Amino acid sequence: MRSTDSTSWHPASWQSRKAAQQPLYDDPTALSRVVAELARLPPIVVSWEIENLRERLAAAQRAEGFLLQGGDCAESFADCESDRIAKQLKVLLQMSLVLLSGMKKPVVRIGRMAGQYAKPRSADMETRDGVTLPAYRGDLVNRVEFTPEARRADPQLLLRGYERAALTLNFVRALVDGGFADLHHPEYWDLGFVRHAELREAYQRIADSIGDALDFFQSLTGRAVHDATRVDFFASHEGLHLLYEQAQTRFISRQNHWYNLSTHMPWIGMRTAQVDGAHVEYFRGIANPIGVKIGAAMDDQWLQQLVTTLNPQNQPGRLTLIHRFGAKDIEKSLPRVIEAVRRTGHTVLWCCDPMHGNTETSTGGLKTRRFENILKELDLAFRIHAQQGTYLGGAHIELTGEDVTECTGGARGLTDADLQRTYRSQVDPRLNYEQALELAMLIAERSKQKP
Ligand code: PEP
Ligand code: CO
């Protein structure tokens, strides 16, 4: 294994390593032109926001907070519109409110949004009826229709993705600053399509008790509630397409560090986490808080090298390990992983992704996940971390604020047959609004239990 040399990093040093999951472009000159243009455009986020997030994640790592990271598996360009973005923000804010009230801890909210446009694929090519074309790699790279033209990797899409990421975050910032996230704002409380009576009531109780507490606070301190409850919202995406990420990597002299300014918290996906690979090389040099997806196939040495390579100074809040074993494997894998990390002497923020280890094919052939398996993996994660003396400080969820039918189960008991009704995801199945809110309530409850 190649050793990492901390002195020779620069934003393009990853190019001397093997880069998995990168598209093949047929016009390198057009690609270079686009990358140069991206590098000139103003950043989407700024370094002090990134530093603020790292401090919050450091607090969560000390068990003084909880990370809620959620959103689509893949955003699509077509979905970049106001209603959908507002709904996505709303479900995340409502979930965070439920978690806050149950855990009595600040919740760090990070969307899988404003840039979640590139997807890793298990195969480079896809064959249908004897025709073989490049796989769909997300709207940042190509388009989902099964035609040679749509599946061609088009560099212009990098610019379109960048622009949509900026539009999305601009709208989210305006909503948050404009009072959408004020706890007294009616939009914030509205339950939309949640029709399940018990869920509505449980949510209403939480909302009322927080409302009462806020009124009490206001009368006691004379301070406006909006000031006291100001919400911060951060963006994240899988840092997969390295030319895109490199183009937005800037040296901020005031901080004396390099930052990826396309998002607050990029993460390394499971398929690109090779210690001597290009992604780890790129990520080790940026100062953002970063995540790494952890699966059962990673052995102890691999894990330990990831932790020491990506966070050599053991900086609090820098590294979040997002484990995704599946309800079936977590009992076998998580204790080993915790022990391996413990032996490095480094600390990390532990976050559970209960989605990606629980994907299956439904009887009708659609990709789905069962709510009960998602909940079970989270339950086991809380229990195992408590037994091991570590703190489960976050959950990473694929969800949408809309009334889709992609995952089965939940309070309204969606079945395989229901999936056909409103299945919209081009990639992984997401919890719908109601299921996401229910999950937040169950997490809030479970996190209070002792092992
Ligand atoms: C994802 O988060 O959508 C994903 C592809 O996850 P993983 O890298 O854990 O498989
Ligand atoms: Co996914």
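Indexing begins at 1, ligand by ligand and atom by atom, following the structure's order. None of these values were measured; they are calculated from a predicted model. The figures that follow rest on heavy atoms only: side chains count, while hydrogens, waters and symmetry mates do not.
Using a 30° and 60° split on the angle between ring planes, Tyr117 and Phe77 fall in the perpendicular class, above 60°.
Using a 4.0 Å cut-off between charged nitrogen and carboxylate oxygen, Arg336 and Glu339 do not count as a salt-bridge pair. A salt bridge is absent between Glu238 and Lys293; no separation between the charged side-chain nitrogens and carboxylate oxygens falls under 4.0 Å. Using a 4.0 Å cut-off between charged side-chain N and carboxylate O, Asp72 and Arg430 make a salt bridge.
A cation-pi geometry, defined here as NZ or CZ lying under 6.0 Å from the six-membered ring centre and within 45° of its normal, holds between Arg128 and Phe146.
The N, O or S atom of Asp428 with the smallest distance to the Co ion (ligand 2) is OD2. Closest approach between the Co ion (ligand 2) and any N/O/S atom of Glu398 involves OE2.
Of the options Glu406, Glu360, Glu398, a salt bridge (Lys or Arg N to Asp or Glu O under 4.0 Å) to Arg369 is made by Glu398 and by none of the others.
A pairwise comparison of heavy atoms in Val35 and Ala247 identifies O-CB, 3.8 Å as the closest pair.
Rounding to 10 degrees, one finds that the Co ion (ligand 2) sits at the corner of an angle of 180° between Cys73 SG and His356 NE2.
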Atom pairs, nitrogen or oxygen, ligand 1 to protein, under 3.5 angstrom:
unit_1   : atom_1 : unit_2 : atom_2 : d
ligand 1 : 2 (O)  : Arg112 : NH1    : 2.9
ligand 1 : 2 (O)  : Arg112 : NH2    : 3.3
ligand 1 : 2 (O)  : Lys293 : NZ     : 2.8
ligand 1 : 2 (O)  : His356 : NE2    : 3.4
ligand 1 : 3 (O)  : Arg112 : NH2    : 3.0
ligand 1 : 3 (O)  : Lys119 : NZ     : 2.7
ligand 1 : 3 (O)  : His356 : NE2    : 2.9
ligand 1 : 3 (O)  : Glu398 : OE2    : 3.0
ligand 1 : 6 (O)  : Lys293 : NZ     : 2.9
ligand 1 : 8 (O)  : Met270 : N      : 2.8
ligand 1 : 9 (O)  : Lys293 : NZ     : 2.9
ligand 1 : 9 (O)  : Arg324 : NE     : 2.7
ligand 1 : 10 (O) : Arg271 : NH1    : 2.8
ligand 1 : 10 (O) : Arg324 : NH2    : 2.9

